[in-house]
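Here the structure is laid out as structure tokens; the discussion comes afterwards.
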Amino acid sequence: MSCKKCLDKVIDTYPSKVKKNRQKHMLIKQSDETQEIQANTRTIPGIITNRGCAFAGCKGVVIGPLRDMVHIVHGPVGCSYYAWGTRRNKAKTKGDEKNFINYCFTTDMQESDIVFGGEKKLKEAIREAVELFNPAAITISATCPVGLIGDDIKSVAAEAEKEYGIQVLAFDCEGYKGVSQSAGHHIANNILMRDVIGKVEKSEKEIPKYSVNILGEYNIGGDGWEISRILNKIGYEIVSIMTGDGTYEELKNTHNANLNVVQCHRSINYISEMLETKYGTPWLKVNFIGVNETIKTLRNMAEYFGDQELIDRTEEVIAEELSEIEETFEMFKKMCEGKTAFLYVGGSRAHHYQGLLKEIGIDTVMAGYEFGHRDDYEGRDVIPYIKLDADTRNIPDLHVEKDEKQYRLYLSPERLQKLKEKMPLGQYAGLIKEMKDGTMVIDDLNHHETEALLKAVKPDVFCSGIKDKFISQKMGIFSKQLHSYDYSGPYAGFKGAVIFAKDISAGINTPTWSYITPPWKKEPIIEGKINEE
Ligand code: CFM
Ligand code: HCA
């Protein structure tokens with residue numbers, strides 16, 4: 001069946017209004033056309049989406065991985081408890097530093113708090129956290145009911161700051177804000193930028209030459225550790241990693257670096273942009289997933305700094321790392337060649353993993369984001385992203401001013417301009433550009449579409465998350481979680497690529513799938529059009 005026919009079949013069962021809506025979220029890559037896709041809009045009520053909420057994006061994704069802070073979730077117990085430890089953002093304790101990553105802190109609001117207000121309980125939770133744990137700082141994240149009943153978490157935080165002499169940050173990230181977890185990224189970015197980053201002043205001399213921040217890297221399955229290992233080996237100084245295995249103390253220093261490299265554009269582009277405006281540090285879009293992309297990234301970074309010594313060292317490390325993996329990588333590649341994949345992940349991995357899959361001989365035939373914006377699909381030198389950023393509807397955007405005292409340019413504007421022509425400095429190509437013609441692109445893929453497409457196309461592997469993993473496996477199609485890595489990882493960098501290749505080849509080649517009969521082969525299935533009236 002052609003892709004066009006496949007997509008038509010998938011949406012054919014929808015009522016006409018829904019069909020019209022969903023059509024705009026789908027396309028088939030055609031490089032001779034300028035293609036647009038609708039993204040970052042509200043999911044149609046009733047449709048089972050894979051998306052999460054603003055609270056997930058703020059607390060779960062951006063601030064949660066900061067290990068030396070106590071993150072209090074203000075709300076009923078479920079939001080906190082059911083998300084406990086699920087994201088696999090690993091963190092190690094160094095020396096006698098504090099590390100609260102394995103804890104789950106919540107105010108556990110009850111009915112009476114919903115009726116009479118939960119501020120007292122929140123104050124009490126902060127007091128308890130300070131007395132028991134003495135953290136570097138505290139965050140408070142509001143879940144849905146807090147916004148609905150109007151608890152003033154900001155004033156509770158301000159009072160606590162005075163009382164305990166540590167920063168207490170309040171995030172109004174009620175789940176219902178915006179249209180997905182993307183809204184939560186934005187809320188977290190704004191507050192970290194306004195209240196934490198920039199707190200330490202340093203002179204130019206105190207800033208190491210090859211100092212970088214890694215933005216949008218959350219150390220899932222240890223990815224951040226593997227990336228840091230490679231960068232340290234070359235000779236880079238990592239000032240802060242945002243935010244996987246990161247700390248409040250490092251975060252305060254983020255502006256004291258000479259380059260920001262951005263792994264996940266979606267979740268952190270607001271901060272990278274603001275750092276450039278306020279402190280003059282440019283950002284470079286990087287990708288540490290896949291061997292070729294890692295090499296390209298390392299070469300771009302070296303060229304940005306421009307010193308021959310660094311360029312040579314980079315080549316040396318690349319050669320060393322390659323020699324360690326080549327043989328094993330090749331072996332797994334032989335076991336995967338000629339297979340096909342569906343790739344459906346949050347807001348950047350559906351893009352980042354296509355190259356790595358290609359390297360092991362797997363063709364991505366469908367890819368899409370849960371909550372990417374149009375710039376994550378279409379690229380952002382083409383589109384002025386602010387205008388299209390629909391999630392700013394409910395979220396006050398922060399526009400920072402240039403900081404005259406701490407603003408410094410590492411490279412001259414002329415050199416920066418030249419580099420921009422060679423590498424993605426301040427630019428992002430997005431997912432579609434690098435795809436093969438004929439690939440299906442689907443935004444906010446839902447459960448009906450997942451089932452129908454898997455059935456029609458039968459890819460060899462479906463890379464996505466926990467919510468659809470078992471739809472796929474019950475159909476006899478191997479699923480690889482690309483959020484949590486199914487307890488494996490790291491997948492980043494050279495060594496990570498081999499672990500990924502090993503996991504995929506094991507999953508595809510196990511005989512298990514031949515023992516499973518998909519439900520449509522053994523049960524009658526009623527199919528038809530939904531009556532529109
Ligand atoms: Fe960025 Fe992420 Fe992703 Fe994301 Fe996420 Fe994640 Fe993801 Mo799950 S920050 S957009 S909100 S790369 S938690 S580490 S795996 S959906 S593709
Ligand atoms: C989130 C977190 C999540 C969920 C993963 C999944 C993650 O969106 O709140 O659905 O499998 O990576 O842990 O994206």
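Remember, it's 1-based here, ligands and their atoms both numbered in the order they're listed. These numbers were taken from a predicted model, which means no experiment stands behind them.
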Below 4.0 Å, non-hydrogen atoms only: which portion of I220 touches ligand 1? Side chain, backbone, both or neither. side chain
So, for H185 and F371, is the gap between ring centers shorter than 6.0 Å? yes
Step-by-step salt bridge (Lys or Arg N to Asp or Glu O under 4.0 Å) determination, R266 to D375: CA-CA 9 Å; R266 179 67 271 132; D375 48 5; 3.2 Å; yes
Taking NZ, NE, NH1 and NH2 as the nitrogens, is one of them in D245 or K90 under 4.0 Å from a carboxylate oxygen of the other? no
Relative to W225, does K92 satisfy both conditions: NZ or CZ under 6.0 angstrom from the six-membered ring centre, and within 45 degrees of the ring's axis? yes
Residue, atom name and distance, where the atom is the protein heavy atom closest to atom 11 (O) of ligand 2: I466 N, 2.7 Å
Give a yes/no on ligand 1: does Y369 have at least one heavy atom closer than 4.0 angstrom to it? no
Contact atoms of ligand 1, heavy-atom distance to S348 under 4.0 Å: 1 (Fe), 3 (Fe), 10 (S), 12 (S), 17 (S)
Would you please indicate if the ring centroids of Y353 and F500 are separated by under 6.0 Å? yes
Charged N to carboxylate O below 4.0 Å: is that the case for K94 and E97? no
Residue-ligand contact G57/ligand 1, heavy atom below 4.0 Å: no
Name the closest protein heavy atom to atom 5 (Fe) of ligand 1, giving the residue it belongs to and the distance to 0.1 Å. F371 CZ, 4.0 Å
Taking 4.0 angstrom as the limit and counting only heavy atoms of S267, give me the atoms of ligand 1 inside it, by number and element. 1 (Fe), 9 (S)
Would you tell me whether H265 and D376 have side-chain atoms, one donor and one acceptor, within less than 3.5 Å of each other? yes
Identify the protein heavy atom lying closest to atom 9 (O) of ligand 2, giving its residue, its atom name and the separation to 0.1 Å. A56 CB, 3.3 Å
D468 and T450: side-chain donor and acceptor closer than 3.5 Å? no
Please list the nearest protein heavy atom to atom 10 (S) of ligand 1 with its residue and the distance rounded to 0.1 Å. G347 N, 3.3 Å
So which bit of Q181 gets within less than 4.0 Å of ligand 2, heavy atoms only: side chain, backbone, both or neither? side chain
What atoms of ligand 2 come closer than 4.0 angstrom to any heavy atom of K467? 10 (O)
the protein heavy atom lying closest to atom 2 (C) of ligand 2 turns out to be R87 CD, 4.4 Å
Could you list which atoms of ligand 1 come closer than 4.0 Å to a heavy atom of C264? 1 (Fe), 9 (S), 10 (S), 12 (S)
For the pair E226 and R229, evaluate salt bridge (Lys or Arg N to Asp or Glu O under 4.0 Å) and give the outcome as yes or no after the intermediate values. CA-CA 5 Å; E226 186 51 19; R229 183 189 67 79; 2.7 Å; yes
Atoms of ligand 2 close to G465 [distance to a heavy atom under 4.0 angstrom, numbered from 1]: 11 (O)
Shortest protein contact, atom 9 (S) of ligand 1 (heavy atom only): Y218 CE1, 3.4 Å
Atoms of ligand 1 close to V345 [distance to a heavy atom under 4.0 angstrom, numbered from 1]: 17 (S)
Taking a cutoff of less than 4.0 Å between a non-hydrogen atom of the residue and any ligand atom, is H185 in contact with ligand 1? yes
For ligand 2, is there an N or O atom under 3.5 Å from any N or O atom of H483? yes
Considering only heavy atoms of V61, which atoms of ligand 1 have at least one such atom less than 4.0 Å away? 9 (S), 11 (S), 13 (S)
For the aromatic rings, using the six-membered ring if either is Trp, is the centroid distance between H448 and Y14 under 6.0 Å? yes
Give me the ring orientation class for F100 and F105: parallel if the planes are under 30° apart, tilted from 30 to 60°, perpendicular past 60°. perpendicular
So, S484 and R87: side-chain donor and acceptor under 3.5 Å apart, yes or no? no
Output field: ring centroids F462/F478 closer than 6.0 Å: no
What residue and heavy atom of the protein are closest to atom 8 (Mo) of ligand 1, and at what distance? H483 ND1, 2.3 Å
Proximity of R87 to ligand 1 by residue part, where a heavy atom lies under 4.0 Å: side chain
